[in-house]
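Before any comments, here is the structure.
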Amino acid sequence: MRIIAHLDMDAFYAAVEEQRDPSLRGRPVIIGADPKDGKGRGVVATCSYAARKYGIRSAMPITRAWRLAEAAKRRGEPPALFLRGDHALYRQVSTRIMAILAAQADAFEEASIDEAYLDLSSLPDFEAAETRIRAMKALIREREGLTCSAGIGPNKLIAKIASDFRKPDGLTVVTHDQVQPFLDPLSIRVIPGIGPKTGAFLRERGIATVAELRLVEATQLVEWLGKWGQDLHARAHGISESPVSNEWERKSVGEQETFERDTLDRTFVLERARVLASSVFERMRADGFQGFRTATVTVRFENFVTLSRSLTAGPLVLTLEALVERVEQLFAPFFDERENPRSRRIRLIGVRVEKLTRASEAPSQTPNQPLP
Ligand code: TTP
Ligand code: MG
């Protein structure tokens with residue numbers, strides 16, 4: 001019997017900013033794009049819990065966050081603070097926290113900048129695991145001044161859902177016999193892999209809770225959702241065999257193309273990028289992989305300067321559609337001042353996927369929402 005824990009830092013970027021500048025504590029802090037008095041572009045990376053009270057959320061357009069903050073101000077609530085963020089700092093803090101966690105587990109898996117899985121199966125029971133996790137939470141608070149939320153369960157799926165159950169500074173333990181009663185009343189959206197689209201699809205069919213999902217036959221789910229329906233059926237029953245491991249396949253699948261003529265024709269370049277993405281995706285599947293976590297694009301300009309940009313998703317990326325979306329997002333800055341201030345023409349582009357996962361492994365990540 002396994003004992004698995006999942007830890008996720010609370011409002012991570014915002015909490016690091018509050019730690020650096022204590023005068024921010026308890027204030028509505030938003031990390032993300034420059035709101036430019038409501039005319040900004042880009043999105044919210046994260047925000048403090050005080051800002052969440054205004055309805056502000058990760059991945060929301062920064063203009064919307066700005067309007068919500070303005071509305072709060074008009075109601076007489078504290079003004080929000082918009083910060084650009086300091087990734088190098090968040091990365092440093094993350095590295096220190098991961099070191100604390102890794103030292104305390106039989107196996108350790110860094111799932112994103114602010115979350116990790118720990119295998120604690122060598123401990124005698126769930127109670128001992130709870131004591132261990134409490135000690136880790138205390139150590140992180142003591143050393144970094146930060147809180148996190150944790151979940152303990154018989155597998156990664158349950159640990160992940162449990163860590164999100166009580167936030168911030170929560171700890172939820174779900175033993176074997178509690179799995180079903182714990183899951184049943186929850187919304188299907190807590191299941192990693194059920195994003196807004198699948199969620200809406202299932203709700204239209206009268207399936208809103210995990211209990212309702214559990215009653216649907218696997219064959220029905222496969223008919224609706226394809227192969228992933230099988231996986232979903234297992235998850236609705238709280239089953240997940242995926243091991244805690246940092247050993248991602250080193251393999252990556254990538255392709256590139258040099259154009260006949262250097263060009264800055266966005267429509268053309270993005271069309272070629274989509275063709276590359278679909279070929280890469282097909283090869284990845286042909287090699288027996290189900291999905292990936294990291295997408296990378298490369299651009300070589302006419303002067304041979306070559307740049308690569310990557311996006312690592314919290315959730316496993318399982319569809320070509322999602323790959324294309326990421327690829328387009330990654331290429332976009334090369335058509336404007338962000339990555340191409342001199343409007344140089346493009347000579348070559350490349351698309352690559354990394355951190356591949358075999359079909360046999362149940363993906364263990366969060367719902368398919370836009371992520372960092
Ligand atoms: P999360 O753990 O999803 O969010 P959080 O830690 O800010 O808040 P919570 O208390 O709900 O866990 O993500 C970790 C960090 O990743 C977050 O602080 C900022 C970054 N991030 C983005 O940049 N964009 C996103 O869309 C999301 C969801 C997170
Ligand atoms: Mg977090």
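Nothing here was measured: the structure is a model prediction, and the numbers come from that model. Only heavy atoms go into these numbers, but all of them, side chains included; no hydrogens, no water, no symmetry mates. Counting starts at 1 for both ligands and their atoms, following the listed order.
Between R27 and E18, none of the side-chain N atoms (NZ, or NE/NH1/NH2) sits under 4.0 Å from a carboxylate O, so this pair counts as no salt bridge. For the pair E339 and R309, the salt-bridge criterion is met [side-chain N within less than 4.0 Å of a carboxylate O]. The existence of a salt bridge linking D169 and K137 is confirmed by a sub-4.0 Å separation between a basic side-chain nitrogen and an acidic carboxylate oxygen. By the 4.0 Å N-to-carboxylate-O rule, E70 lies too far from R67 to be salt-bridged with it. Note on D336 versus R338: salt bridge recorded, some NZ/NE/NH1/NH2 to OD/OE distance being below 4.0 Å. Ionic pairing of R20 and E17 is present here: one or more N-O contacts between side-chain nitrogen and carboxylate oxygen are shorter than 4.0 angstrom.
Not a single heavy atom of M60 sits less than 4.0 Å from an atom of ligand 1.
Taking a cut-off of under 4.0 Å to the non-hydrogen atoms of R52, the atoms of ligand 1 that pass are 5 (P), 7 (O), 8 (O), 9 (P), 10 (O), 11 (O). The T46 neighbourhood of ligand 1 comprises atoms 5 (P), 7 (O), 17 (C), 18 (O), 19 (C), with distances under 4.0 Å to a heavy atom of that residue. Near F12, meaning under 4.0 Å from any of its heavy atoms, are these atoms of ligand 1: 5 (P), 6 (O), 7 (O), 18 (O).
Among heteroatoms of the N, O or S kind in D8, OD1 lies nearest the Mg ion (ligand 2). Shortest distance from the Mg ion (ligand 2) to D114 is reached at OD2 (N/O/S atoms only).
No N or O atom of I113 sits closer than 3.5 Å to an N or O atom of ligand 1. Geometrically, ligand 1 and M9 share a nitrogen or oxygen pair separated by less than 3.5 Å. Distances between N or O atoms of A11 and those of ligand 1 include at least one value under 3.5 Å. Taking any N or O of S58, backbone or side chain, none lies under 3.5 Å from an N or O belonging to ligand 1.
Only the side chain of Y49 comes within 4.0 Å of ligand 1, counting heavy atoms alone; its backbone N, CA, C and O stay farther away.
Between the side chains of N155 and S242, no donor-acceptor pair of N or O atoms lies under 3.5 Å.
The Mg ion (ligand 2) has no N, O or S atom of E115 inside 2.8 Å of it. Using a cut-off of 2.8 Å, one finds that T46 contributes no N/O/S atom close to the Mg ion (ligand 2).
Taking the six-membered ring where tryptophan is involved, the planes of W224 and F201 are perpendicular, since the angle between them exceeds 60° and thus also 30°.
By the 4.5 Å heavy-atom criterion applied to side chains, V190 and F165 are not counted as neighbours.
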